[in-house]
Number of protein chains: 2
Amino acid sequence: MNSSRTARERVRAELTREIAEIARRHLATEGAVGLSLRAVAREMGMSSSAVYRYFPSKDDLLTTLIIDGYNALGRVVEQADAGCDRADHGGRWRAVCHAVRDWALAHPHEYALLYGSPVPGYQAPQDTVAPAMRDTIVFGRIVSEAHEAGALTVPAGPMGTGAAGVAEDMARVREQVMPGVPDAVAVRAVTAWTGVFGWIGFELFGQFNNVIEHRAALFDHSVAALGALIGLPRPVGESTA
Amino acid sequence: MNSSRTARERVRAELTREIAEIARRHLATEGAVGLSLRAVAREMGMSSSAVYRYFPSKDDLLTTLIIDGYNALGRVVEQADAGCDRADHGGRWRAVCHAVRDWALAHPHEYALLYGSPVPGYQAPQDTVAPAMRDTIVFGRIVSEAHEAGALTVPAGPMGTGAAGVAEDMARVREQVMPGVPDAVAVRAVTAWTGVFGWIGFELFGQFNNVIEHRAALFDHSVAALGALIGLPRPVGESTA
DNA sequence: CCCCTATGGGGAGCGCTGCTCTCGTTTGTT
DNA sequence: AACAAACGAGAGCAGCGCTCCCCATAGGGG
């Protein structure tokens, strides 16, 4: 009977989900390397070896957590973008940046797992690349639509990409996340995007300690500056910050 | 006698240095969490417990490696800056950025130890903060001198720092690394600086994989764009990249 | 000069980890 | 009812950080 076979599979799916959930809780408190399969097993009330029926290795468990993390971050970024006026490209950029930062502050260990130093010995499988692009896709769409709408203040003069390799890379960027955008804008978009994550990394990993304390306010300014770098319109009534 | 007492202390210092050196080699191949005191002891030909006479814990060993790492990075950054014409502030900025990236690519695990996600449970002692500032000080001096020389194209209009907290933070930045620089420039300098590290982090930690392959060339463009964000002069004969 | 104490070694051991193997039980299928 | 696949538990292996204890020895004080 189908329902009985499903019953077995359903309890399996449920246990798999429960293990991942407990693991995610441990990850939030202990970090990726502190995550212990045995501790998860204890909390599940099962033997440590039994957990290996569900996740063949700690790396597989980490992969699940990574994918979930990318999806969670992607979702909040998508929602942040969706909550904005579609024509307000500058506002969407700011909303997306703040969504990333807020999520990172709320889930520091998970963020570190996604954007921090990779766990040694861990090789990210192909399943992670699609979720990993969710936030970037949102960002790319903003730039793309801003460009299409003519809302982008493209800096004067041609870009002079120089090496042909950059053009190749930008073609890939265009194809995957930022259709229709010229090279010069795409380069700056990549710069701005990495800049946001660099900023958040500095904040999260302690580089700002004892120097920059009013992070939210400074983040606003950095996001505005990086947005201006892409050519996105500034918030109304703001001077050149 | 003094020399005999010194003899004992000298062999101790030598052994301490040797342990740290082997540990740094292991760090380069295995990463920080993969670094094993027992493995270092084996390679030293001594028992694992004996190593604890020199480093009371793995964290202390890591602290040494972190300090050494900051100093090594700081040195190459200082040398890169020193190799430039002092008046060519844009060139100095580019040289410093490339020095950071080159060192990071040459010592990825060490870089991750400095600027990646912190090792869980590890609390950086106060001894690390001074070495950690060496590269930032070089960067700040460039901006400071460029501003002093009037070489900085400060963006039109006041800045509108808004929150007073940002002004506080910028005062601290000014005092520690960037004397004489106005808030608007300091904010952009922080943005650019974190942007460089964000870029390098993306490259090093795999975020660019399968998308951006011609990293050196794109890094040039990003550095130029971030330099322009601060107002540093562009390389002669380059268009607005 | 001789003793004696601090210093630096080695070995054993504790509790933890990821992971494997085996063995018995349960569950769903034919 | 028989059988195979799935599942759980326990023991065990090798590794880890770290501690404790014991011993040799080197250096300094009487």
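All heavy atoms count here, side chains included; hydrogens, waters and symmetry mates do not. Quick note on labels: first sequence line is chain A, next is B, and so on, each numbered from 1.
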Asker: From CZ of Arg8(A) over to P of dA4(D), roughly how many Å is that when rounded to an integer?
Answerer: 15 Å
Asker: Between atom CG of Asp169(B) and atom CZ of Phe208(A), what is the distance when rounded to the nearest 0.5 Å?
Answerer: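 Those atoms lie 9.5 Å apart.
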Asker: What's the separation between atom CG in Leu113(A) and atom CD1 in Ile66(A), rounded to the nearest 0.5 Å?
Answerer: 4.0 Å
Asker: Can you list the steps and then say if Thr191(A) with His221(B) is a side chain to side chain contact (heavy atoms under 4.5 Å, CB included)?
Answerer: CA-CA 9 Å; Thr191(A) 307; His221(B) 285 97; over 6 Å; no
Asker: Any salt bridge linking Asp183(B) with Arg174(B)? Criterion: basic side-chain nitrogen under 4.0 Å from a carboxylate oxygen.
Answerer: yes
Asker: Name the nucleic acid region contacted by Leu35(A), choosing base, sugar-phosphate or nothing; use a 4.0 angstrom heavy-atom cut-off, strictly under.
Answerer: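 Here Leu35(A) touches the backbone only, sparing every base.
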Asker: Between Arg10(B) (CZ) and dG8(C) (C1'), how many Å, whole number?
Answerer: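 Value for this atom pair: 18 Å.
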Asker: I'd like a list of close polar pairs between nucleotides 19-22 of chain D and the protein, N/O only, cut-off under 3.5 Å.
Answerer:
none

Asker: Quick one: Phe55(B) CZ to dG9(C) C1', roughly how many Å, whole number?
Answerer: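 The answer, rounded to whole Å, is 17 Å.
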Asker: Ignoring hydrogens and angles, does a donor from either the side chain of Arg38(B) or the base of dG17(D) sit under 3.5 Å from an acceptor on the other?
Answerer: yes
Asker: For Arg172(A) and Val211(B), which heavy atoms make the closest approach, and how far apart are they?
Answerer: NE-O, 2.7 Å
Asker: How is Ser47(B) classified with respect to the nucleic acid when contacts are heavy atoms under 4.0 Å: base, sugar-phosphate, or nothing?
Answerer: base
Asker: Under 3.5 Å, is there a donor-acceptor pair between the Tyr52(A) and Ser57(A) side chains?
Answerer: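 On atom types as modelled, these side chains do not qualify, holding no pair under 3.5 Å.
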Asker: Write down the distance between CG (Asp60(A)) and C1' (dC19(C)), rounded to a whole number of angstrom.
Answerer: 13 Å
Asker: Hey, is Glu21(B) close enough to Arg17(B) for a salt bridge, meaning N to O under 4.0 Å?
Answerer: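 Yes, charged N to carboxylate O under 4.0 Å.
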Asker: Let me know the distance between CD of Glu18(A) and P of dG8(D), rounded to the nearest Å.
Answerer: 12 Å
Asker: Is any side-chain N or O of Arg12(A) closer than 4.0 Å to OP1 or OP2 of dA6(D)?
Answerer: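 Result: no.
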Asker: Below the 4.0 Å mark, does dG8(D) have OP1 or OP2 next to a side-chain nitrogen or oxygen of Tyr54(A)?
Answerer: yes
Asker: Where along residues 21-29 of chain A does a heavy atom fall under 4.0 Å from DNA chain D?
Answerer: none
Asker: Could you measure the distance from the CH2 atom of Trp193(A) to the CG atom of Leu229(A)? Nearest 0.5 Å is fine.
Answerer: 14.5 Å
Asker: Among dC18(D), dA9(D), dC19(C), which nucleotide has an atom closest to any side-chain atom of Lys58(B)?
Answerer: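 Of all the options, the side chain of Lys58(B) is nearest to dC18(D).
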Asker: In whole angstrom, give the distance that lies between atom CE of Met44(B) and atom P of dG8(C).
Answerer: 13 Å
Asker: Rounded to the nearest Å, what distance is computed from the CE atom of residue Met46(A) to the C1' atom of nucleotide dG10(D)?
Answerer: 14 Å
Asker: Angle between ring planes, His98(A) versus Phe219(A), binned at 30° and 60°: parallel, tilted or perpendicular?
Answerer: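 Rings of His98(A) and Phe219(A): perpendicular, over 60°.
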Asker: Mind calculating the distance between CG (Asp59(A)) and P (dT17(C)) to the nearest angstrom?
Answerer: 17 Å
